[in-house]
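Below you'll find the structure, written out as structure tokens, and then a few comments.
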Amino acid sequence: MNQIYTIYQTLYKHYGAQGWWPTFDENIKDKTFEVALGSILTQNTTFTSVETSLQNLHVENAIDPDVILNMNIDKFKTLIKPSGYYNQKAEYILAFIKFYKALDGRTPSRDDLLHVKGIGEETADSILLYGYEQCEFKIDAYTKRLLIELGLVDAKVKYKEMKKLMQDSLTQEIKDKKELLKVYQEYHALIVAHGKKFYSKKPYGVGCFLKN
DNA sequence: AGCCAGGCTACCG
DNA sequence: CGGTAGCATGGC
């Protein structure tokens with residue numbers, strides 16, 4: 001068993017299942033769209049702030065592309081204000097909505113997503129992994145700090161390299177595609193749970209039990 | 001009171 | 001290409 005998969009097992013044993021995405025409303029019609037909204041809103045922000053924004057949107061029945069399009073822009077900005085960067089994020093979300101409606105239900109390619117303003121690698125992978133159930137591993141700041149701290153990559157590693165390391169390691173161990181998707185989804189959530197505890201404050205990794 | 005959050009774009013050299 | 005300022009609110 002390779003090291004990346006061993007880390008997953010250890011984290012899973014320690015924290016248990018995290019749930020694939022902290023969905024605000026299980027009964028929402030368009031889960032994919034909600035995940036995309038959350039993925040954009042959570043950029044450089046805590047998910048608790050995002051939940052406040054999603055709650056604000058929900059009471060306006062605005063977890064819906066057309067409702068947002070027909071809404072006064074300043075009103076929309078007010079609703080997402082708790083997540084910060086509300087001017088930028090409003091622009092990003094409108095750009096995504098345009099893209100999303102044009103898809104008409106199809107699953108977008110990663111490359112197409114990356115051409116939408118406001119969607120970088122992490123947000124694209126977040127939308128694909130949690131919104132479209134695609135096997136795209138999501139790398140975030142915690143993942144990077146963890147891999148560096150464990151000596152598995154060097155400090156100037158790129159997103160692409162980390163993603164390849166995670167995906168190659170996991171596909172090597174897990175042959176069932178459904179299981180692989182589940183592990184991708186859980187693994188990222190576990191890293192966030194672990195990262196909040198040991199990789200938020202410098203120096204990173206103090207007390208991290210993975211360092212043995 | 002200050003630092004950090006589940007990033008991205010624009011612009012610099 | 002790599003590096004960095006700017007974006008903004010909320011939590012601890």
Side-chain angles (χ1 to χ4, degrees), chain A residues 7-8 11 15 17-24 34-57 73-99 108 110-132 134 136-149 153-163 166 183-206 208 210:
Chain A
I7 292 169
Y8 172 75
L11 288 175
Y15 296 102
Q18 298 296 297
W20 62 285
W21 178 267
T23 338
F24 164 70
E34 186 190 301
V35 169
L37 277 184
S39 298
I40 293 170
L41 288 174
T42 200
Q43 290 170 359
N44 207 38
T45 309
T46 57
F47 207 86
T48 51
S49 297
V50 174
E51 281 177 325
T52 307
S53 298
L54 290 176
Q55 166 74 4
N56 290 345
L57 291 168
I73 183 67
D74 289 322
K75 174 162 188 183
F76 180 64
K77 286 179 181 176
T78 304
L79 297 176
I80 65 169
K81 203 167 188 175
S83 304
Y85 307 135
Y86 54 87
N87 289 305
Q88 276 193 342
K89 286 176 180 175
E91 186 188 348
Y92 294 170
I93 288 168
L94 290 178
F96 176 77
I97 288 176
K98 199 178 288 180
F99 171 79
R110 186 172 190 272
D111 206 46
D112 284 345
L113 270 172
L114 288 173
H115 283 97
V116 180
K117 185 172 178 185
I119 298 185
E121 297 200 275
E122 180 179 341
T123 307
D125 286 333
S126 181
I127 293 171
L128 288 169
L129 179 60
Y130 295 112
Y132 286 99
Q134 301 296 299
E136 300 283 352
F137 201 93
K138 173 180 174 179
I139 304 291
D140 70 334
Y142 288 135
T143 312
K144 181 174 179 178
R145 289 173 194 167
L146 180 66
L147 292 176
I148 290 173
E149 197 60 35
V153 301
D154 65 77
K156 37 178 208 166
V157 66
K158 296 278 202 30
Y159 187 99
K160 208 179 188 178
E161 304 170 43
M162 291 185 281
K163 178 167 171 160
M166 301 307 281
V183 170
Y184 279 18
Q185 292 177 334
E186 274 302 327
Y187 205 158
H188 170 71
L190 285 166
I191 288 173
V192 172
H194 188 68
K196 280 180 180 165
K197 278 189 119 136
F198 301 108
Y199 291 87
S200 281
K201 266 188 315 191
K202 288 183 183 177
Y204 299 133
V206 176
C208 170
L210 292 172

(request) Rounded to the nearest angstrom, tell me the gap between atom CD in A:Glu122 and atom C1' in B:dT9. (result) 15 Å
(request) Determine the Euclidean distance between corresponding P atoms of B:dC3 and C:dA5; express it in Å to zero decimal places. (result) 15 Å
(message) A:Tyr187: which residues meet the ring pair (Phe, Tyr, Trp, His ring centres under 6.0 Å) condition with it, sequence neighbours left out?
(response) A:Tyr8, A:Phe137
(request) To the nearest Å, give me how far apart NE2 (A:His194) and C1' (B:dG6) are. (result) 15 Å
(message) Going by the rule salt bridge (Lys or Arg N to Asp or Glu O under 4.0 Å), which residues pair with A:Lys81 if we only count those two or more places apart in sequence or in a different chain?
(response) none
(request) Please state the P separation for the pair C:dG10 and B:dC8 - nearest whole angstrom. (result) 22 Å
(request) Ignoring hydrogens and angles, state whether a donor on the side chain of A:Tyr15 or A:His194 is under 3.5 Å from an acceptor on the partner side chain. (result) yes
(message) If you compare all heavy atoms of A:Ser83 against all heavy atoms of A:Ser49, which two are closest, and at what distance to 0.1 Å?
(response) OG-O, 3.6 Å
(request) Starting from P on B:dC3, measure out to OH on A:Tyr204 and report it in whole angstrom. (result) 13 Å
(request) Round to a whole Å and report the spacing from NZ of A:Lys138 to P of B:dG7. (result) 7 Å
(request) Could you tell me whether A:Lys158 contacts a base, only the sugar-phosphate backbone, or nothing, with contacts defined as non-hydrogen atoms closer than 4.0 Å? (result) sugar-phosphate
(message) Defining pairs by Watson-Crick or G-U wobble geometry with both distances under 3.5 Å, how would you list the stems of DNA chain B with at least three pairs each?
(response) B:2-5 with C:9-12, B:7-13 with C:1-7
(message) If I compare all heavy atoms of A:Ile80 with all of A:Tyr86, which pair ends up nearest, and what's the gap?
(response) CD1-O, 3.6 Å
(message) From CG of A:Leu113 over to C1' of B:dG7, roughly how many Å is that when rounded to an integer?
(response) 15 Å
(message) Between C1' on B:dG6 and CD1 on A:Ile40, what's the gap in Å once rounded to a whole number?
(response) 14 Å
(request) Name all residues meeting the side-chain contact (heavy atoms from CB on, under 4.5 Å) criterion together with A:Tyr92; count only those two or more places apart in sequence or in a different chain, and write none if there are none. (result) A:Ile40, A:Gln43, A:Gln88, A:Lys117
(request) Could you tell me which residues satisfy side-chain contact (heavy atoms from CB on, under 4.5 Å) with A:Ser39, sequence neighbours excluded, listed by chain and number? (result) A:Trp21, A:Val35, A:Thr123, A:Ser126, A:Ile127
(request) Using a 4.5 Å cut-off on heavy atoms from C-beta on, say whether the side chain of A:Phe198 contacts that of A:Val206. (result) no
(message) Could you tell me if the side chain of A:Leu37 sits less than 4.5 Å from the side chain of A:Val50, heavy atoms only?
(response) no
(request) Please list, in 5' to 3' order, the outermost nucleotides of DNA chain C lying under 4.0 Å from any heavy atom of chain A. (result) C:dG2 to C:dG10
(message) Suppose we screen for side-chain hydrogen bond (donor to acceptor under 3.5 Å, both in side chains). Which residues come up paired with A:Tyr132, at least two apart in sequence or across chains?
(response) none
(request) Could you measure between the two C1' atoms, the one in C:dA8 and the one in B:dG2, and give it in whole Å? (result) 16 Å
(message) What contact category does A:Ile191 fall into here, base, sugar-phosphate, or nothing, at under 4.0 angstrom with non-hydrogen atoms?
(response) nothing
Polar pairs (N or O, both sides) under 3.5 Å between protein and nucleotides 10-13 of chain B?
none

(request) May I ask you to say what A:Asp140 touches in the nucleic acid, namely base, sugar-phosphate or nothing, with a heavy-atom cut-off under 4.0 Å? (result) sugar-phosphate
(request) List in numerical order all residues of residues 83-93 of chain A for which some heavy atom is under 4.0 Å away from an atom belonging to DNA chain B. (result) A:Tyr85, A:Gln88, A:Tyr92
(request) Mind checking side-chain hydrogen bond (donor to acceptor under 3.5 Å, both in side chains) for A:Glu121 and listing every partner two or more places apart, or none if nothing turns up? (result) A:Arg110
(message) Nearest whole Å is fine: how far is B:dG6 P from A:Leu54 CG?
(response) 15 Å
(message) Are A:Leu41 and A:Lys89 packed together at the side-chain level, in the sense that at least one heavy-atom pair is separated by less than 4.5 angstrom?
(response) yes
(message) Please compare A:Thr52 and A:Thr45 by the position of their nearest nucleotide in DNA chain C and report the one closer to 5'.
(response) A:Thr45
(message) Taking the P atom in each of B:dC4 and C:dT4, what is the distance between them to the nearest angstrom?
(response) 16 Å
(request) Return the set of residues passing salt bridge (Lys or Arg N to Asp or Glu O under 4.0 Å) with A:Lys197 (not counting sequence neighbours), or none when no residue passes. (result) none
(request) Ignoring backbone atoms, test whether A:Arg145 places a side-chain nitrogen or oxygen under 4.0 Å from the OP1 or OP2 oxygen of B:dG6. (result) no
(request) Specify the separation, in whole Å, of atom NZ of A:Lys196 and atom C1' of B:dC4. (result) 13 Å
(request) Let me know, please, whether A:Leu114 or A:Thr42 comes out on the 5' side of the other along DNA chain B by nearest nucleotide. (result) A:Thr42
(request) Let me know which of A:Tyr130, A:Tyr184, A:Tyr159 forms a side-chain hydrogen bond (donor to acceptor under 3.5 Å, both in side chains) with A:Asp125. (result) A:Tyr159
(message) Once side-chain hydrogen bond (donor to acceptor under 3.5 Å, both in side chains) is applied, do any residues pair with A:Tyr142, and if so which ones, sequence neighbours excluded?
(response) A:Ser200
